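Worksheet: one structure, shown below.
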Amino acid sequence: MNEIEKTIEILRKSVPPHPYKSREPFRVLVATIISQRTKDEVTYTVAEKLFEKYPTPEKLMNADEKDIAALIYPAGFYQQKAKKIKEVARIIHEKYHNQVPDSLDELLTLPGVGRKTANIVLSRCYGKDAIAVDTHVHRISNRLGWINTKTPEETEKALREILPKRYWKDINELLVMFGRTICRPISPKCDICPVKKYCKYYREKKKEGWVGSA
DNA sequence: AAAACGGGGGC
DNA sequence: GCCCCAGTTTT
């Protein structure tokens, strides 16, 4: 077992499980669009309300865009998200007969769906060999010293090369939870971090005489 | 009060 | 590549 594998095994045991459990492709797709540039705590509460009122693609495609916007309001960027969600619902219903596509190229065709969102659906719903890179995955992979990249696309490519496939599917949920509890963007809690002995960022900060965290 | 946070698309 | 979108949380 190399250092990356050891790190992941430790994180699996110490990081709390990701709260969003649905694997239903349409819901995961829409929830992930809502989650873009917003905290996932608020994402799931508004997604629940949305699906309660509009449980299917047909219902959602016929919903008033303003009403969708109102329901997802706390997530931010609500107008363009509402527009995209409504359009996605229409396409999934009319073009794909309610079956969310399971290929990257087709998913990327949908409005509001980029690499992160598409890869979330592929890995979480379809068990594909996909790595969903969001800012948590990007930041943490670089902090730990696994890779040295500056864009999410580079990160995805680099992780494909150094990360054993059996971890691809879970890496996003794992690092998201690690990122919100310990390895936060600002003032990470390195003093209580379970993998600091494998972390490049920690070693460097220590060398600089940095102490503790907030 | 101000700054940090988090994806995609249009140009 | 740069800039816009709109909230919540942290400092």
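Because the structure is predicted, anything quoted here is derived from the model rather than measured.
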Q) Of the nucleotides C/dC5, C/dG7, B/dG8, which has the atom closest to the A/Phe77 side chain? A) C/dC5
Q: Name the nucleic acid region contacted by A/Lys39, choosing base, sugar-phosphate or nothing; use a 4.0 angstrom heavy-atom cut-off, strictly under.
A: base
(Q) Assess, by modelled atom type and distance only, whether the side chains of A/Asp67 and A/Tyr54 contain a donor and an acceptor separated by less than 3.5 Å. (A) yes
Q | A/Tyr73 OH - C/dG7 P separation (whole Å) | A | 4 Å
Q. Under a 4.5 Å side-chain heavy-atom rule over Ile, Leu, Val, Met, Phe, Trp and Tyr, are A/Leu163 and A/Ile140 clustered together?
A. yes
Q: Using a cut-off of strictly less than 4.0 Å, decide whether A/Tyr78 has a side-chain nitrogen or oxygen near OP1 or OP2 of C/dC5.
A: no
Between the protein and nucleotides 9-11 of chain B, list the N/O to N/O atom pairs that are separated by less than 3.5 angstrom.
{"residue": "B/dG9", "atom": "OP1", "partner": "A/Gly112", "partner atom": "N", "Å": "2.6"}
{"residue": "B/dG9", "atom": "OP1", "partner": "A/Val113", "partner atom": "N", "Å": "3.3"}

Q.
Please tell me if A/Thr38 has a side-chain N or O lying less than 4.0 Å from either OP1 or OP2 of B/dC5.
A. no
Q.
Once ring-ring contact (aromatic ring centres under 6.0 Å, His included) is applied, what residue pairs with a partner in residues 56-92 of chain A remain, sequence neighbours excluded?
A. A/Tyr73-A/Tyr78
Q) Can you list every ring-ring contact (aromatic ring centres under 6.0 Å, His included) pair that touches residues 166-185 of chain A, not counting sequence neighbours? A) none
Q) Is there a donor-acceptor contact under 3.5 Å from the side chain of A/Arg23 to the main chain of A/Val121? A) no
Q) Quick one, which residues of residues 126-145 of chain A touch DNA chain B with a heavy atom under 4.0 Å? A) A/Asp134, A/Thr135, A/His136, A/Arg139
Q: List for me each residue that meets side chain to side chain contact (heavy atoms under 4.5 Å, CB included) alongside A/Glu154, sequence neighbours excluded, and say none if there are none.
A: A/Thr149, A/Lys150, A/Thr151
Q. Counting side-chain heavy atoms from CB outward, which of B/dC5, B/dG8, C/dC5 is closest to A/Gln80?
A. C/dC5
Q: Quick one: which residue pairs count as a ring-ring contact (aromatic ring centres under 6.0 Å, His included) with a foot in residues 22-48 of chain A, not counting sequence neighbours?
A: A/His18-A/Tyr44, A/Tyr20-A/Tyr44
Q: Please list, chain by chain and in numerical order, all residues satisfying side chain to side chain contact (heavy atoms under 4.5 Å, CB included) with A/Ser35, sequence neighbours excluded.
A: A/Thr32, A/Thr43, A/Lys116
Protein N or O to nucleotides 2-4 of chain C N or O, pairs below 3.5 Å:
none

Q | Integer-rounded Å distance: C/dT8 C1' and A/Tyr44 OH | A | 16 Å
Q. Of the candidate nucleotides C/dT8, B/dG8, C/dT11, which contains the atom at the shortest distance from the side chain of A/Thr117?
A. B/dG8
Q | Results of salt bridge (Lys or Arg N to Asp or Glu O under 4.0 Å) for A/Glu41 - residues two or more places apart only | A | none
Q. What pairs meet the side-chain hydrogen bond (donor to acceptor under 3.5 Å, both in side chains) rule with one or both residues in residues 125-139 of chain A, with sequence neighbours excluded?
A. A/Asp129-A/Lys165, A/Asp134-A/Asn172, A/His136-A/Arg139, A/His138-A/Thr155
Q) In dot-bracket, 5' to 3', how would DNA chain B read with Watson-Crick or G-U wobble pairs under 3.5 Å, [ ] for crossing ones and | for pairs to another strand? A) |||||.|||||
Q: If a pair satisfies salt bridge (Lys or Arg N to Asp or Glu O under 4.0 Å) and one of its residues is in residues 73-96 of chain A, list it, with sequence neighbours excluded.
A: A/Glu87-A/Arg90, A/Arg90-A/Glu94
Q | Euclidean distance, atom CD of residue A/Gln36 to atom P of C/dG7 [Å, nearest integer] | A | 17 Å
Q: Nearest whole angstrom, please: distance from the C1' of C/dC5 to the CD1 of A/Ile34.
A: 16 Å
